[in-house]
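Below: the structure, in structure tokens.
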Amino acid sequence: MEQSQFTSPFWHYYIVIIVVCSILWVSYLLWSQNVVKHKKDEDVKTTGHSWDGIEEYNNPLPRWWFYMFWMTIAFAIGYLVLYPGLGDFKGIGFNGKPWTSHNQYEAEMEKGNADFHQNYGKFATMSVEEVAKDPNAMAVGANLFGIYCIQCHGSDAQGAKGFPNLTDKDWLWGGTPEKIKETITDGRVAVMAPWGVALGGEERVKDVANYVMSLSKMQHNEERAARGQEIFKANCVVCHGDKGQGNMATAPNLTDNIWLWGGTEKAIIETITGGRHGQMPAWKGFLTDDKIHLLTAYVWGKSHPDYKGYPQDTKDYVGGIPTAEEPKKAAEPAASAPVVAVSAPAVAASEPTPVVAASEVQAAPAADKAEVRVENGVVKFYFAVGKSAIAANAEKATEEVVKAAKAGKKLVISGFTDSTGNAVANEKLSKNRAQAVQAYLIKQGVKKDSMVLRKPESSIGAKGNNAEGRRVEVKIQD
């Protein structure tokens, strides 16, 4: 009994005896019921049984019924010869190979993969970038994503708590086609160790959490953040870097306001205290190379709508600005890139931009550049295409509104976008820009409850001038 599923050979013979004897007994019983026969027009005798005057005739089985029973017995014998059913006997199977559900699955998958390769194998000879531009290939990729990936990453690929968003520019393991394919093929394991005890308890963890919140310009407790900075430097910079910019393939960026496990104070405290463990399964061996290539192109295309690589695919960034070892110009995407949703309100810019007052030159704002203007008492923050980064020296332009807010006045903040790109993405972008301005003003000392984020009737401003449309207005409420 090689590889017997039973603990003792007794049970094998026990089942064989029961099955064989059952078939023999049913065959005998059927044959024994065929002895009663009568001629045509002959009176049928009764069995002698009577119930309330109803007698039981001694009729033989109908011929069709009799032969059907013999067919079922023959089918059972044939089945037990071909398939497993007699204890550990595996059956003779087909083509000299015993049948198993696993073998049948493998055969069907092999045929399915062969058909898939015949229909879509041509895409495997193309680069990921070329495949991402092909509508037919992306449709196939979307179907594959719907079968294998939406359970974790969602039908829109925007993830959920504990499962990363695949449509933004935030990549822990790299966002190049090669790195994405590597992630899908071999899987990833990410572990954040629990630091609650090591940092010295609840209060010190809360201090670090507030410092981490300050890195991404969120509202936080300044005193706690100051204490937390020292604790962070002593314990966290090895993985997250001295500026919280993270280390690709090691630890996430803490300055971009993208939070896999939640960015509230409570969620950050939970992460620091208890740690986190995430795993992306390896799909090698389960998916063919053809399917992995198409999935790679689909994911890359979802996160690179202009079909160009981003510096963030390979570099660490601090608040949207490249780290010191990379030229700052790399932070600026191509001016022709379509508007996409921005997930982090970064308060920075790639180069200083002058503040222009209403009394000065009233030319149109720069085509693709962040700047700030004051016109008739309204502060206008202009943004580059698809960005929410604020001009570096906006402090001068906001002096009056900051002063008014500190004096008890309310500030009304409204965000706009240009008229190009996807309407849903534009609406989200206008909100992100307004939140970025709000975060900037909080940094200037304005209390959050002194500001109102008000959605305009139309977030698309100045349809005839896209540069003018990409703005946020800050007004002092009358």
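Residues passing the salt bridge (Lys or Arg N to Asp or Glu O under 4.0 Å) test with R227, sequence neighbours excluded: D207. Looking at residues two or more places apart in sequence or on another chain, you find no salt bridge (Lys or Arg N to Asp or Glu O under 4.0 Å) involving E265. For E129, the side-chain contact (heavy atoms from CB on, under 4.5 Å) partners at least two apart in sequence or on another chain are S127, P177, W300. Legend: residues meeting salt bridge (Lys or Arg N to Asp or Glu O under 4.0 Å) with D449, ordered by chain and number and at least two apart, are absent. Partners of K448 according to the salt bridge (Lys or Arg N to Asp or Glu O under 4.0 Å) rule, which considers only residues two or more places apart in sequence or in another chain, do not exist here.
Atom SG of C236 sits about 8.5 Å away from atom CG of L254, to the nearest 0.5 Å. One finds the CD1 atom of I476 at 7.0 Å from the CD atom of E400 (value rounded to the nearest 0.5 Å). Separation of atoms CD1 (I413) and CD (E473) is listed at 11.5 Å; rounding is to 0.5 Å.
Between the side chain of H153 and the backbone N or O of L166, no donor-acceptor pair lies under 3.5 Å. The backbone N or O of A160 lies less than 3.5 Å from no partner atom in the side chain of N165, so there is not a single donor-acceptor pair.
Remark: K409 NZ is loosely packed, at most 12 non-hydrogen atoms of other residues, nucleotides or ligands lying under 6.0 Å away. Residue Q151 places its CD atom among more than 12 non-hydrogen atoms of other residues, nucleotides or ligands, all under 6.0 Å distant. Counting non-hydrogen atoms of other residues, nucleotides and ligands closer than 6.0 Å to NZ of K431 gives a total of 12 or fewer. For E106, the CD atom is densely surrounded, since the number of other residues' heavy atoms within 6.0 Å is greater than 12. Within 6.0 Å of CZ on F116 lie more than 12 heavy atoms contributed by other residues, nucleotides or ligands. Crowding of Q444 atom CD: a count of heavy atoms from other residues, nucleotides or ligands under 6.0 Å exceeding 12.
For T271 and R276, the side-chain atoms include at least one donor-acceptor pair closer than 3.5 Å.
Taking the side chain as every heavy atom from C-beta outward, K396 and V372 never approach each other to under 4.5 Å. For the pair I268 and W261, the minimum side-chain heavy-atom distance is 4.5 Å or more. By the 4.5 Å heavy-atom criterion applied to side chains, W283 and T288 are not counted as neighbours. N103 places a side-chain heavy atom less than 4.5 Å from the side chain of K97. K266 is listed as a side-chain neighbour of E270, based on a closest heavy-atom distance under 4.5 Å.
The side-chain hydrogen bond (donor to acceptor under 3.5 Å, both in side chains) analysis of residues 184-194, with sequence neighbours excluded, yields the pairs E182-R188, T183-R188.
Salt bridge R204/E202: absent, no basic N to carboxylate O contact under 4.0 Å.
Judged by the 6.0 Å and 45° rule, K217 forms no cation-pi pair with Y440. With F383 as the aromatic partner, R470 does not meet the cation-pi criteria of under 6.0 angstrom to the ring centre and within 45 degrees of the ring axis.
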